[in-house]
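Right, one structure below, let's go through it.
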Amino acid sequence: MLPIPAKHPFAPTPSILTLLGLFTASLCATAGATAQEPSMGPLTSEDGAPIHRVGLTAPAEAADPVARGTVLWSFSLAYSNIFEQDSASTHVLMVDMERLISTTQVRVGLSERLEVGGRLTLESTGGGALDGFVTWWHTRIGAGNANREFFPEGLYRQRLQDGSGGTVIDVPPRTLHLEDVRLFGKWNLVGGEALPRALSVRTTVRIPMAPDEFVDERVDGGLSLLGRLSTSRWHGHTMLGVTTVRTRARLDDEIFRDRAYHGLVGIERSLGSSLAAVVQYQVSTALLQSFEHRELDGPSWNLVFGLAGRIGDTWRWNASFQEDLPPDTPAPDFTLGLHLSRTW
């Protein structure tokens with residue numbers, strides 16, 4: 001086995017601090033108001049770690065259910081560049097790819113406090129063409145490149161082997177592959193969309209649709225608490241929950257945990273009645289165990305920031321940039337997100 005140089009530690013530089021500073025300043029750019037501006041956050045995002053996606057990944061979403069008698073259709077895109085490489089006596093990990101996740105979902109308001117819905121998730125993966133840009137970007141912001149410079153650009157690998165060379169996970173490239181089907185419901189416990197606070201509980205069932213030679217994905221469920229606290233132009237968003245992990249590796253069915261946890265905290269600043277700036281930080285605990293390595297069985301941390309808005313009374317959108325901080329976790333190196341929705 002060829003030795004691989006040690007990874008560079010993350011050290012914030014003026015570039016990333018300036019970027020975050022400018023974004024934070026935009027949150028405070030406008031004067032306050034006495035009337036509460038409508039919340040348009042949080043940004044549409046979820047854990048993109050490849051290993052975590054063999055289970056249920058909880059998306060960030062608003063605490064407020066859709067109104068009674070309303071149908072909401074939405075479409076989301078998340079394009080990620082991912083590189084994780086590590087060799088040890090217990091495992092050999094190589095994940096080098098770009099991935100497009102697209103989701104389509106429908107929600108229906110059954111009452112003033114209850115919504116139900118369903119979602120289809122499509123996945124496309126391949127070698128991509130952004131490796132050079134990511135290397136430049138991480139150099140600019142002071143993050144390590146996780147040994148990217150020692151491997152050719154544009155390759156595809158999604159493989160995990162044990163210490164004896166046995167394959168635990170090996171996922172081939174996919175084109176518009178149906179990843180999963182999800183069914184969910186959201187029940188509002190406290191407050192509402194027109195009130196300064198809201199607390200809801202969401203239940204989700206994930207039905208995997210991607211058979212794999214090495215991993216046996218099974219139906220998973222999740223429970224999340226979603227919260228919102230609003231002032232005239234500021235909105236705080238939170239999420240806290242747990243999911244079952246019923247996936248098993250055919251080579252070693254003990255490497256997956258029985259459950260995983262997720263959380264999010266976000267701040268939204270209204271920039272008027274139709275635009276808002278949002279920054280949020282989210283975490284998902286590991287699905288794997290016993291490797292004692294952060295890129296395999298460590299939590300996945302992501303900083304997400306962007307803009308959200310609405311067009312008229314029926315259309316809403318948001319655009320986001322997601323960066324793994326700290327970088328030595330299972331999370332993707334970066335993800336660009338777009339979301340569009342319409343209500344009837």
Side-chain angles (χ1 to χ4, degrees), residues 1-4 7 47-57 78-102 121-131 134 146-148 150-180 206-220 245-258 260 284 286-298 300 324 328-333 335:
M1 184 182 300
L2 294 175
I4 299 297
K7 298 181 180 181
D47 188 8
I51 294 175
H52 290 197
R53 294 194 68 87
V54 300
L56 172 61
T57 52
Y79 192 82
S80 302
N81 182 282
I82 307 165
F83 186 91
E84 305 288 346
Q85 184 280 324
D86 189 71
S87 299
S89 60
T90 58
H91 66 273
V92 178
L93 172 69
M94 188 64 188
V95 180
D96 184 2
M97 66 178 186
E98 289 178 14
R99 180 188 63 209
L100 177 66
I101 296 291
S102 57
T121 310
L122 298 176
E123 178 189 42
S124 297
T125 57
L130 297 180
D131 287 348
V134 177
N147 298 325
R148 281 177 177 269
F150 303 106
F151 294 88
E153 296 180 357
L155 298 183
Y156 172 87
R157 293 287 189 278
Q158 192 174 351
R159 180 181 302 158
L160 173 65
Q161 296 175 297
D162 63 17
S164 61
T167 301
V168 180
I169 299 173
D170 190 1
V171 182
R174 296 167 171 167
T175 302
L176 290 177
H177 189 94
L178 181 59
E179 184 183 41
D180 61 40
R206 174 185 182 265
I207 306 169
M209 305 297 291
D212 189 274
E213 179 182 354
F214 300 99
V215 176
D216 180 19
E217 294 188 41
R218 306 173 186 178
V219 176
D220 284 315
V245 181
R246 301 184 63 247
T247 297
R248 291 294 176 263
R250 304 186 194 277
L251 183 66
D252 182 0
D253 62 2
E254 298 297 324
I255 68 170
F256 282 97
R257 303 176 189 268
D258 294 327
S284 302
L287 272 62
L288 297 182
Q289 61 183 350
S290 303
F291 287 95
E292 298 182 357
H293 194 277
R294 283 172 57 88
E295 291 185 357
L296 285 170
D297 51 17
S300 177
D324 60 333
D328 57 340
T329 76
D333 292 83
T335 300

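Keep in mind that this is a model prediction, so the values were computed, not measured.
- Between E123 and I101 there is a side-chain heavy-atom pair separated by less than 4.5 Å.
- In this structure, the side chain of R246 does not engage the main chain of D216 through any donor-acceptor pair within 3.5 Å.
- Within the 4.5 Å cutoff, the side chain of R250 has no heavy atoms near those of the F214 side chain.
- Side-chain atoms of E98 and N81 include a donor-acceptor pair closer than 3.5 Å.
- The distance from atom CG of D96 to atom CZ of R157, rounded to the nearest 0.5 Å, is 8.0 Å.
- R99 places no side-chain N or O within donor-acceptor distance of the main-chain N or O of P332, the cut-off being under 3.5 Å.
- Contact check for H91 versus D162: no side-chain heavy atoms found under the 4.5 Å cut-off.
- Shortest non-hydrogen contact noted between T121 and D180 is OG1-OD1, 2.7 Å.
- To the nearest 0.5 Å, atom CG of residue L93 and atom CD1 of residue I51 are 5.5 Å apart.
- In this structure, the side chains of E84 and P50 stay at 4.5 Å or more apart for every pair of heavy atoms.
- Distance CG/L288 to CZ/F256: 5.0 Å, rounded to 0.5 Å.
- Residues L160 and V92 fail the side-chain proximity criterion, which asks for heavy atoms closer than 4.5 Å.
- Between R257 and D297 the shortest side-chain heavy-atom distance falls below 4.5 Å.
- Checking each of R218, E217, R53 against P208 for a side-chain contact (heavy atoms from CB on, under 4.5 Å) leaves exactly one that passes, namely E217.
- Atoms CG and CG, from L176 and L100 in turn, are 8.0 Å apart once rounded to the nearest 0.5 Å.
- Across every non-hydrogen atom of S80 and T335, the tightest pair is OG-OG1, 2.7 Å.
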Derivation and outcome, side-chain contact (heavy atoms from CB on, under 4.5 Å), residues L155 and F83 | CA-CA 10 Å; L155 298 183; F83 186 91; over 6 Å; no
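- In this structure, E179 does not pair ionically with R174, as no charged nitrogen and carboxylate oxygen lie closer than 4.0 Å.
- From H52, atom NE2 reaches atom OG1 of T329 across 8.0 Å, with rounding to the nearest 0.5 Å.
- Ion pairing of R248 with D258 is present here, as a side-chain N (NZ or NE/NH1/NH2) and a carboxylate O approach within less than 4.0 Å.
- Side chain of T247 to main chain of V54: a donor-acceptor pair is present (N/O by atom type, distance under 3.5 Å, no hydrogens or angles).
- Interatomic distance, CD of Q289 versus CD of E254, reported as 7.5 Å (0.5 Å rounding).
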